[in-house]
Amino acid sequence: MNHWLLKSEPGTFSIDDLAAAPRRSTAWDGVRNYQARNTLRDSMKKGDTAFFYHSSCEIPGIAGIVRIVKQGYPDKSAFDPKDAHYDPESDESDPRWYTVDVQLVRKLKRLITLDELRKHAHKELSDFVVLRRGNRLSVTPVSKAEWQFVLSLE
DNA sequence: GCCAACGTTGGC
DNA sequence: GCCAACGTTGGC
């Protein structure tokens with residue numbers, strides 16, 4: 001069972017939006033980056049768990065835990081001209097973009113802030129991808145040790 | 001294949 | 001709103 005970190009802007013879709021969604025589940029669609037696409041399509045497996053990270057907001061940080069409930073399948077939002085993430089070059093017969101379905105496992109008891117994570121950037125979290133300078137990937141792997149350490153902060 | 005221009009991300 | 005980082009695009 002692997003672990004991941006998924007970024008979302010809470011102004012667009014927050015952990016509370018997920019909690020309020022039917023079956024507390026949603027398609028993680030709209031990702032338009034090839035490296036993240038590859039992860040969504042090839043690496044994330046049903047049953048894997050991921051941190052739900054709030055980015056581009058007042059207090060960035062890890063807000064909750066989600067589980068992959070449906071693994072890689074074509075992202076239909078790319079075919080919809082009205083969708084903000086429409087990609088005319090993604091063909092239905094050869095989809096360019098992929099998504100997974102995630103379901104909320106639970107919100108963390110408190111937000112584990114980016115500030116707090118950074119305090120461990122030179123030790124337990126020295127390889128934590130989300131702390132890397134200039135990291136812009138919206139889907140990143142989390143090692144088992146990192147996963148457990150972050151939860152120990154809770 | 002190189003690289004400048006441009007667009008997006010995301011913390012501050 | 002600013003700006004650094006970095007992915008993508010397109011001319012050559």
Side-chain angles (χ1 to χ4, degrees), chain A residues 2-21 26-44 48-66 68 71-102 104-143 145-147 149-154:
Chain A
N2 289 310
H3 303 296
W4 309 94
L5 181 143
L6 300 172
K7 289 183 192 170
S8 185
E9 300 185 18
T12 304
F13 190 81
S14 72
I15 190 103
D16 290 323
D17 293 326
L18 180 58
T26 190
W28 205 262
D29 57 11
V31 174
R32 298 291 179 267
N33 168 283
Y34 288 104
Q35 196 177 339
R37 184 278 310 268
N38 293 346
T39 304
L40 288 167
R41 186 189 57 192
D42 306 330
S43 305
M44 297 178 84
D48 285 356
T49 47
F51 288 133
F52 190 115
Y53 178 89
H54 281 172
S55 68
S56 291
C57 57
E58 197 173 346
I59 308 175
I62 294 171
I65 299 171
V66 301
I68 312 309
Q71 66 192 53
Y73 65 99
D75 180 349
K76 292 193 211 62
S77 72
F79 307 136
D80 177 3
K82 294 195 183 64
D83 193 281
H85 301 284
Y86 173 58
D87 180 358
E89 300 192 55
S90 182
D91 191 301
E92 301 225 22
S93 66
D94 182 22
R96 175 178 291 190
W97 305 112
Y98 280 72
T99 185
V100 299
D101 286 356
V102 303
L104 182 66
V105 174
R106 65 179 179 89
K107 286 176 71 170
L108 296 189
K109 298 186 194 90
R110 62 184 187 84
L111 186 75
I112 311 284
T113 65
L114 178 60
D115 258 5
E116 182 172 358
L117 294 170
R118 283 226 177 90
K119 289 180 184 149
H120 308 281
H122 294 291
K123 204 170 172 210
E124 291 91 345
L125 298 179
S126 57
D127 294 319
F128 203 43
V129 182
V130 82
L131 297 180
R132 272 190 215 147
R133 237 167 88 79
N135 167 57
R136 295 164 46 197
L137 266 185
S138 62
V139 180
T140 54
V142 174
S143 75
E146 289 162 348
W147 181 268
F149 180 76
V150 169
L151 288 180
S152 79
L153 297 173
E154 185 184 11

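Here is how names work: the chains are called A, B, and so on, in the same order as the sequence lines, proteins then strands, and each is numbered from 1.
- Rounded to whole Å, the distance from CZ on A/R118 to P on B/dG11 is 8 Å.
- Considering only side-chain N and O atoms, A/R136 lies nowhere under 4.0 angstrom from the phosphate OP1 or OP2 of C/dC3.
- Here A/R32 pairs with A/D75 in a salt bridge; the nearest charged N to carboxylate O distance falls below 4.0 Å.
- Taking atom CG on A/L114 and atom C1' on B/dT9, their separation rounds to 14 Å, with Å as the unit.
- Atom CZ of A/R132 is separated from atom P of B/dG11 by 15 Å (rounded to the nearest Å).
- Here A/D87 pairs with A/R96 in a salt bridge; the nearest charged N to carboxylate O distance falls below 4.0 Å.
- Distance, A/L131 CG to B/dC12 P: 11 Å, rounded to whole Å.
- Ring planes of A/H3 and A/W147: parallel class, angle under 30° (limits at 30 and 60°).
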Checklist entry - Step by step, would you call A/Y73 with A/T99 a side chain to side chain contact (heavy atoms under 4.5 Å, CB included)? => result CA-CA 6 Å; A/Y73 65 99; A/T99 185; 3.5 Å; yes

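- Atom-to-atom, CD of A/E58 to P of B/dG11 comes out at 13 Å; the value is rounded to the nearest Å.
- Side-chain proximity of A/N33 to the nucleotides B/dG10, C/dG7, B/dC12 is greatest for C/dG7.
- Remark: A/Y34 is not in phosphate contact with C/dC6, judged by side-chain N or O atoms under 4.0 Å from OP1 or OP2.
- Residue A/K7 places at least one side-chain N or O under 4.0 Å from the OP1 or OP2 atom of B/dG10.
- Between A/D115 atom CG and B/dG10 atom C1' the separation is 14 Å, expressed in whole Å.
- Rounded to whole Å, the distance from CG on A/L5 to P on B/dT9 is 16 Å.
- Taking atom NE2 of A/H85 as the reference point, atom C1' of B/dT8 lies 12 Å away to the nearest angstrom.
- Contacts of A/S56 with the nucleic acid, taken as non-hydrogen atoms under 4.0 Å apart, include base atoms.
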